[in-house]
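Worksheet: the structure to be examined is printed underneath.
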Amino acid sequence: MIKLTVGVEGMACGMCEAHVNEAVRNTFSVKKVTSSHTKKQTVIITESDIDEKKLKDVIAESGYEVVSIIREPYEKRGLFSAFRR
C-alpha cells in the first residue's frame, strides 16, 4: 500500500476538507482519504499508485492548489503489529 501526503493550499474550513476528500474519492480508488485545513494537507492511503498530474488537476478543479506530494510505503498498524517481526 502507498501513503501520499499532499500539501494543499486554500482550505479554510471543514467544508473545504470535505470538498477535497470527495473529489479524490470520486476520481481514484482509495482506501482512506483525510484532509486537514489546519495542517494544510491531505493524506491518501491507496493500494495502487495515483498519477500525480491527475491528482493535482482534480484538486485544482475543486478550487485548491497542490504544493507538494510525498509518497511513501504504508503498512497498516494494528494491535498485534509489534509481534509480526
Side-chain angles (χ1 to χ4, degrees):
M1 297 225 296
I2 301 167
K3 176 181 175 184
L4 298 169
T5 304
V6 184
V8 181
E9 288 289 331
M11 292 190 293
C13 64
M15 205 59 183
C16 297
E17 297 169 1
H19 288 145
V20 172
N21 292 348
E22 183 178 348
V24 171
R25 277 192 202 102
N26 289 340
T27 307
F28 303 102
S29 175
V30 297
K31 287 286 191 181
K32 183 177 181 181
V33 59
T34 56
S35 295
S36 170
H37 69 279
T38 56
K39 293 181 182 178
K40 297 183 179 184
Q41 71 179 19
T42 297
V43 177
I44 303 167
I45 307 295
T46 181
E47 288 184 352
S48 58
D49 204 8
I50 290 178
D51 179 48
E52 288 187 18
K53 168 122 177 60
K54 189 171 181 182
L55 178 61
K56 287 179 182 180
D57 291 344
V58 165
I59 292 176
E61 288 171 10
S62 299
Y64 309 96
E65 180 186 1
V66 173
V67 293
S68 66
I69 298 176
I70 300 170
R71 181 183 316 264
E72 59 189 310
Y74 175 77
E75 185 176 319
K76 187 174 180 179
R77 295 189 178 127
L79 179 61
F80 298 106
S81 64
F83 301 110
R84 290 186 192 155
R85 296 182 189 245

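Here the structure is a predicted model, which is why all the values come from computation and not from measurement.
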Working note: E47 + I2, criterion side chain to side chain contact (heavy atoms under 4.5 Å, CB included); need CA distance, chi angles, decisive distance, verdict.
CA-CA 6 Å; E47 288 184 352; I2 301 167; over 6 Å; no

Please determine whether side chain to side chain contact (heavy atoms under 4.5 Å, CB included) holds for the pair L55 and I69, giving the CA-CA distance in whole Å, both sets of side-chain angles, and the decisive distance to 0.1 Å.
CA-CA 10 Å; L55 178 61; I69 298 176; 4.1 Å; yes

If I take atom CD from residue E61 and atom CG from residue D57, how far apart are they, to the nearest 0.5 angstrom?
6.5 Å

For residues V30 and V20: do they belong to one hydrophobic cluster (side chain heavy atoms under 4.5 Å, members Ile, Leu, Val, Met, Phe, Trp, Tyr)?
yes

From S35 atom OG to E22 atom CD, the distance as rounded to the nearest 0.5 Å:
11.5 Å

Atom NE2 of H37 and atom CD of E9: how far apart are they, to the nearest 0.5 Å?
13.0 Å

Tell me, please, which residues at least two apart from D51 pass side chain to side chain contact (heavy atoms under 4.5 Å, CB included).
K53, K54

Residues that V43 engages under side chain to side chain contact (heavy atoms under 4.5 Å, CB included), provided they are two or more places apart:
K3, T5, T34, Q41, I45

Evaluate the criterion side chain to side chain contact (heavy atoms under 4.5 Å, CB included) for residue pair E75 and M1; output intermediate values, then yes/no.
CA-CA 7 Å; E75 185 176 319; M1 297 225 296; over 6 Å; no

Just do the side chain to side chain contact (heavy atoms under 4.5 Å, CB included) check on F28 and V58 with the steps written out, would you?
CA-CA 10 Å; F28 303 102; V58 165; 4.3 Å; yes

For the student: nearest non-hydrogen atoms of T38 and S36, plus distance
OG1-OG, 3.0 Å

Within the distance-only criterion (no hydrogens, no angle test), does the side chain of T46 pair as donor or acceptor with the backbone N or O of S48 below 3.5 angstrom?
yes

Shortest non-hydrogen contact from C16 to G10?
SG-O, 4.4 Å

Below 4.5 Å, heavy atoms only, C-beta onward: do H19 and M11 meet side chain to side chain?
no

Do I70 and L4 make a side-chain contact, defined as non-hydrogen atoms from C-beta onward lying under 4.5 Å apart?
no

Does some side-chain heavy atom of V8 sit less than 4.5 Å from a side-chain heavy atom of K40?
no

Pairing of E65 and K56 as salt bridge, 4.0 angstrom limit:
no

